[in-house]
Each structure stands twice: as structure tokens, then as C-alpha cells.
Q: 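This is the structure I want to talk about, given as C-alpha cells.
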Amino acid sequence: MEILPCNPIFLLLPLLFPFLYFLIPLRTRKDDQYQNQLPPCPPKLPLIGNLHQLGTPIHQVLDKLSKIYGPVMLLQLGRVSTLIISSAEAAEQVLKTYDLDFCSRPSLVGHKRLSYNHLDIASGPYGEYCREIRKICVLELFSTKSVQSFKAVRGEEIDVLIDSISSSSNTNIPIDVFQKLLSFTHRTICRVAFGSKTGDHGRNQLVNGRLMEILYEVMVVLSGFSGSDFFPKVGWIFDRITGSHGITEKCFHDLYKKFQQIVDEHLDPERLKPDHDDIIDVLLKLEDQTSTIRLTNEHIKAILMNVFLAGVDAPASTMNWAMTELAKNPEAMKKVQEEIRNHVG
């Protein structure tokens, strides 16, 4: 489970300790034999556990703790026990040997709300629904045939990226490589998923600055935690006091309206049909097919959220880190340049 920097809600915890004391039932004492089977855990405080030990940057905090308590460490975050893995050997055990025991993701409040109660691909618990929805997406959306059908789109957007970098290099203004890559992935995913270019106008203006703003807000919600994630029974009080609940609801409704607008435009009988079906076209056709899962508009919007979030930010960040490493290693950069020139010409 990934842990991010502390949320400001925890600044209010000391004021609510007396209230929490009466609302949160204390755990029954476990026998010594069970306690001895648990991984080592840093000293913890009543009620909040090890939350007070988290700080920024979080990966460095966890690294320091792992050097004291070992590569497999247990943290008590509020009412939630969290296993911290800090070595390749332990990670292999978790991700490979005992994969079925660890493959389910925790049901976090933000993920649950924005995915329509885990109707998406990524956030739901492992089970029959998870296997079936992934099977549908792999066969219908991410198959080799489907990916190859958008080869021309990727080629056009790569040309736009290269032209943009070339024109910017003629000035003395430094080039923000990450923003260039982010614009490239943004435009590409918009065309693949929504069938629209970011510069289009009129009825098909599906993607604009507002959509990116909404997606950035969603990423902030999904990359953090709320009070209810650590205190399931009383965390909603923290979320309303700090405004976390309101932010999540705003993101949900903004995203709902934007994706609903996109779906409605695809359902418009007067819409000009593209040469290739985009992702929404494919999902709308699947609504009429018989399957163990009956796809609805909520399923489609939950899947679109996964496609957009995973397709825009993650590839841009990966390419940005790759370019950073190449810039730091001239020999590797030269080798890559020679391979590209030999292949492309």
C-alpha cells in the first residue's frame, strides 16, 4: 500500500482525542503467540498508531524506519494495519509467490466514490467482477488489433511533438520537456478515447483546458488519503471539518458532467463517424451484448477515468525520467540516437 505525505486533517487529531476515545472501541488484547507472528512495528501511540511518524518526503521516512525495523515492517495507521515492503526479495514474495493474497487493493474513500463504487479496472477488490471487466477491456480495448488501429493517430501526434520542440529550440527560452510530453500524451489519449483533437471546436470540442484541470484535481484526490481511510467509523467527521469530503464530491460531479457530455455526443445520431471507432464507441457497442457484466454508462465513465489517468500522466512521467537519465549519461544517449537514426533514417 502506497503512503503519501500526511493530510492536514491530522493536525486536528489532538483536539478530537477525547471524542475518539469514547467512539472508537479499543481492540481486544491479542495473545502473545499471535503478536510474535507479526512483523516488527515502531512504537505507536494510542488511537493514531504510527501516523505521527509519517512526514515528507515519505519515501525517505519509510527508508529510515526500514533500516531500523527491517525490510518487512508493520505500521499502524489509525485503525488500519499497513505492511511496508522495502526489499526486492520481500517484494518478489508479495508480487509473485503470494500474489493472490495481496492482489486486492484497499477500498479507499476517494477511489470508491470516483469509480462509482469500484466499477473501474484498477481500484476494485480481486474477484469475479475484477477478472471479467479486465477480460473485456483486454479483448476489446487493448488488443493488438485495437492498438494497431490507432497507429496513424500516434504518428500524427509524434510529428506535432517534434515540430513543437523544433520550433521552441530556435528561441532562447528553455524547453519544458515534461510539459511537451504531457501535451503529447494528452492529445493522443483524447483522440484514441474520445475521437477528438484538443484544438477542435463546436459540438466535438470534447477536450479542453477544463478537462485537464478536472483530471489534475482527480489525481490529487486519488493520490491522497482521507480521515475515513484511517478511521472507518468516525473519519467522516474529519473529512467534513477539513473539506476533504467536499473536494471529493466536487471532483466526482465535475468528472461526471464532462464524461456524460462526451458520451451524449457519441450517442448523437447526427455525429460524424470517424474512420475508426474510439474507446467510447467500442464500450457503447458492448452495452448491447450479452455478458456476465451488463455495461452501463457508469461502467463506461469509470473505465474512461482509468484510461485517461493512466494514459496521460504515467507515460509522460516515464518518458521524462528516461530523458533525464539519457541526459545524465552521454554514452547511452549517443547509442540511442544511433539506433533511432539507423531504424528511422
Q: Grab the two heavy atoms, one from Pro42 and one from Leu65, that are nearest each other, plus how far apart they are.
A: CG-CD2, 4.4 Å
Q: Donor-acceptor pair, Ser228 side chain versus Trp236 backbone, under 3.5 Å?
A: yes
Q: Could you check whether atom CG of Leu139 has more than 12 heavy atoms from other residues, nucleotides or ligands sitting under 6.0 Å from it?
A: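 Count over threshold, so yes.
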Q: Quick one: does Asp278's side chain get under 4.5 Å of His266's, heavy atoms only?
A: yes
Q: Got a sec, which residues hit side chain to side chain donor-acceptor pair (under 3.5 Å) with Asn329, two or more places apart in sequence or on another chain?
A: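 Counting only residues at least two positions away or on another chain, Asn329 forms no side chain to side chain donor-acceptor pair (under 3.5 Å).
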Q: Any donor and acceptor pair, going by atom type alone, linking the side chain of Asp239 with main-chain N or O of Gly227 inside 3.5 Å?
A: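 Yes, Asp239 side chain to Gly227 backbone: donor-acceptor pair under 3.5 Å.
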Q: Using a 3.5 Å distance criterion without hydrogens, assess whether the side chain of Asn306 forms a donor-acceptor pair with backbone atoms of Ile121.
A: yes
Q: Using atom types as modelled and distance alone, determine if a side-chain donor or acceptor of His111 lies under 3.5 Å from a backbone N or O of Ser107.
A: no
Q: Mark yes or no for whether Thr185, through its side chain, and Leu182, through its backbone, hold a donor-acceptor pair below 3.5 Å.
A: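 Side chain of Thr185 to backbone of Leu182: a pair is present.
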Q: Keeping His118 on the side-chain end and Ser115 on the backbone end, is there a donor-acceptor pair under 3.5 Å?
A: no
Q: If hydrophobic clusters are built by linking Ile, Leu, Val, Met, Phe, Trp and Tyr wherever their side-chain heavy atoms come under 4.5 Å apart, do Ile162 and Ile173 end up in the same one?
A: no
Q: Testing the basics here: between Val307 and Ile189, what is the closest heavy-atom pair and its distance to 0.1 Å?
A: O-CG2, 4.3 Å
Q: Taking the side chain as C-beta and beyond, is there a heavy-atom pair between Phe142 and Cys137 under 4.5 Å?
A: yes
Q: Apply side-chain contact (heavy atoms from CB on, under 4.5 Å) to the pair Asp63 and His59, showing each step before the final yes or no.
A: CA-CA 6 Å; Asp63 178 62; His59 64 282; over 6 Å; no
Q: If you measure from CH2 on Trp321 to CG on Leu181, what distance do you get to the nearest 0.5 Å?
A: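 Here the rounded value is 13.5 Å.
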Q: Extract all donor-acceptor atom pairs below 3.5 Å that involve side chains of residues 296-305 and protein atoms in other chains or at least two apart in sequence.
A:
from	atom 1	to	atom 2	distance (Å)
Thr296	OG1	Glu298	N	3.3
Thr296	OG1	His299	ND1	2.8
His299	ND1	Thr296	N	3.2
Lys301	NZ	Gln260	OE1	2.7

Q: Is the number of heavy atoms from other residues, nucleotides or ligands within 6.0 Å of NZ (Lys180) greater than 12?
A: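 For Lys180, atom NZ is crowded (more than 12 foreign heavy atoms under 6.0 Å).
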Q: For a side-chain contact (heavy atoms from CB on, under 4.5 Å) check, start with the C-alpha distance between Arg154 and Val147, then their side-chain angles and the critical distance, and finish with the verdict.
A: CA-CA 10 Å; Arg154 294 193 297 272; Val147 172; 3.7 Å; yes
Q: Against the six-membered ring of Tyr126, is Arg131 placed for a cation-pi contact (under 6.0 Å from the centre, within 45° of the normal)?
A: yes
Q: Could you report the tightest heavy-atom contact between Ala90 and Ile85, atom names first, then the distance?
A: CB-CG2, 3.5 Å
Q: Is it true that Asp281 and Arg271 have a side-chain N and a carboxylate O under 4.0 angstrom from each other?
A: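 Arg271 and Asp281: salt-bridged.
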Q: Would you say Ser104's side chain and Pro125's backbone share a donor-acceptor pair under 3.5 angstrom?
A: no
Q: Counting heavy atoms not belonging to Phe150, are there more than 12 under 6.0 Å from its CZ?
A: yes
Q: Do the non-hydrogen side-chain atoms of Leu75 and Leu62 ever get within less than 4.5 Å of each other?
A: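 Yes - at least one pair of side-chain heavy atoms lies under 4.5 Å apart.
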Q: Is it the case that more than 12 heavy atoms not belonging to Glu128 sit under 6.0 Å from its CD atom?
A: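 Atom CD in Glu128 is not packed in, count stays at 12 or less.
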Q: Find out if a path of hydrophobic residues (ILVMFWY) with successive side-chain heavy-atom gaps under 4.5 Å connects Tyr256 to Leu283.
A: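 Shared cluster, yes.
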Q: Between Asn50 (side chain only) and Gln76 (backbone N and O only), is there a donor and an acceptor less than 3.5 Å apart?
A: yes
Q: Do Met219 and Asp313 come close enough that some side-chain heavy atom pair is under 4.5 Å?
A: yes
Q: With no hydrogens and no angle check, just 3.5 Å: does a side-chain donor-acceptor pair link Asp120 and Ser123?
A: yes
Q: About how many Å separate CZ of Arg113 and SG of Cys251, when rounded to the nearest 0.5 Å?
A: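 If I round to the nearest 0.5 Å, the distance is 11.5 Å.
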Q: Applying the 4.5 Å side-chain criterion to the ILVMFWY set and letting contacts propagate, would Ile247 and Val109 be lumped into a single cluster?
A: no
Q: Sequence neighbours excluded, which residues qualify as side chain to side chain donor-acceptor pair (under 3.5 Å) partners of Lys328?
A: none
Q: Does Arg240 offer a backbone N or O that forms a donor-acceptor pair with the side chain of Ser244 under 3.5 Å?
A: no
Q: Evaluate side-chain contact (heavy atoms from CB on, under 4.5 Å) for Gln337 paired with Met333, printing each intermediate quantity in order.
A: CA-CA 6 Å; Gln337 290 173 337; Met333 173 72 84; 3.7 Å; yes
Q: Between Phe308 and His186, what is the ring plane arrangement, given parallel below 30°, perpendicular above 60°, and tilted in between?
A: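 Perpendicular, since the angle between the ring planes exceeds 60°.
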Q: Would you check if Glu217 and Lys250 make a side-chain contact, meaning some heavy-atom pair closer than 4.5 Å?
A: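 The answer is yes, as the side chains (C-beta and beyond) meet within the 4.5 Å cut-off.
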Q: Report the C-alpha separation of Leu119 and Tyr129 in whole Å, then their side-chain angles, then the decisive distance to 0.1 Å, and conclude whether the side-chain contact (heavy atoms from CB on, under 4.5 Å) test is met.
A: CA-CA 9 Å; Leu119 293 182; Tyr129 175 81; 3.7 Å; yes
Q: State, with a plain yes or no, whether a side-chain heavy atom of Val177 is found less than 4.5 Å away from one of Asn320.
A: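 Touching, per the 4.5 Å side-chain cut-off.
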Q: Please report the interatomic distance CZ(Arg341) to CD(Glu338), rounded to the nearest 0.5 Å.
A: 8.0 Å
Q: Testing the basics here: between Leu74 and Ser81, what is the closest heavy-atom pair and its distance to 0.1 Å?
A: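 The answer is CD1-CB, 4.3 Å.
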Q: Work out which heavy atom in Pro43 is nearest to a heavy atom in Tyr69; give both atom names and the distance.
A: CD-OH, 3.1 Å
Q: When rounded to the nearest 0.5 angstrom, what distance separates CD in Gln93 from CZ in Phe102?
A: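 Answer for the CD-CZ pair, Gln93 versus Phe102, is 9.5 Å.
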Q: Using side chain to side chain donor-acceptor pair (under 3.5 Å) as the criterion, list what pairs up with Asp229, not counting sequence neighbours.
A: Ser226
Q: Rounded to the nearest 0.5 Å, what separation is found between the OG1 atom of Thr188 and the CD1 atom of Ile158?
A: 7.5 Å
Q: What about Val138 and Leu286, same hydrophobic cluster or not, with Ile/Leu/Val/Met/Phe/Trp/Tyr joined at side-chain heavy-atom distances under 4.5 Å?
A: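 Different clusters.
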Q: Taking a hydrophobic cluster as the set of Ile, Leu, Val, Met, Phe, Trp and Tyr residues connected by side-chain heavy atoms closer than 4.5 Å, whether directly or through intermediates, do Leu108 and Val220 fall within one such cluster?
A: no
Q: Excluding sequence neighbours, so at least two apart, what forms side-chain contact (heavy atoms from CB on, under 4.5 Å) with Val160?
A: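 With sequence neighbours excluded, Val160 shows a side-chain contact (heavy atoms from CB on, under 4.5 Å) to Glu157, Arg187, given in chain and number order.
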Q: In chain order, what residues pass the ring-ring contact (aromatic ring centres under 6.0 Å, His included) check against Tyr116, with sequence neighbours excluded?
A: Phe252
Q: Hey, is the main chain of Ser146 close enough, under 3.5 Å, to the side chain of Ser149 for a donor-acceptor pair?
A: yes
Q: Is any side-chain heavy atom of Leu83 closer than 4.5 Å to a side-chain heavy atom of Pro39?
A: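 Counting from C-beta outward, Leu83 and Pro39 do come under 4.5 Å.
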Q: Counting C-beta onward and ignoring hydrogens, is there a side-chain heavy-atom pair between Leu295 and Ile133 closer than 4.5 Å?
A: yes
Q: For the atom pair CZ (Phe184) and CE (Met319), what is the distance rounded to the nearest 0.5 Å?
A: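 Between Phe184 CZ and Met319 CE, I get 5.5 Å after rounding to 0.5 Å.
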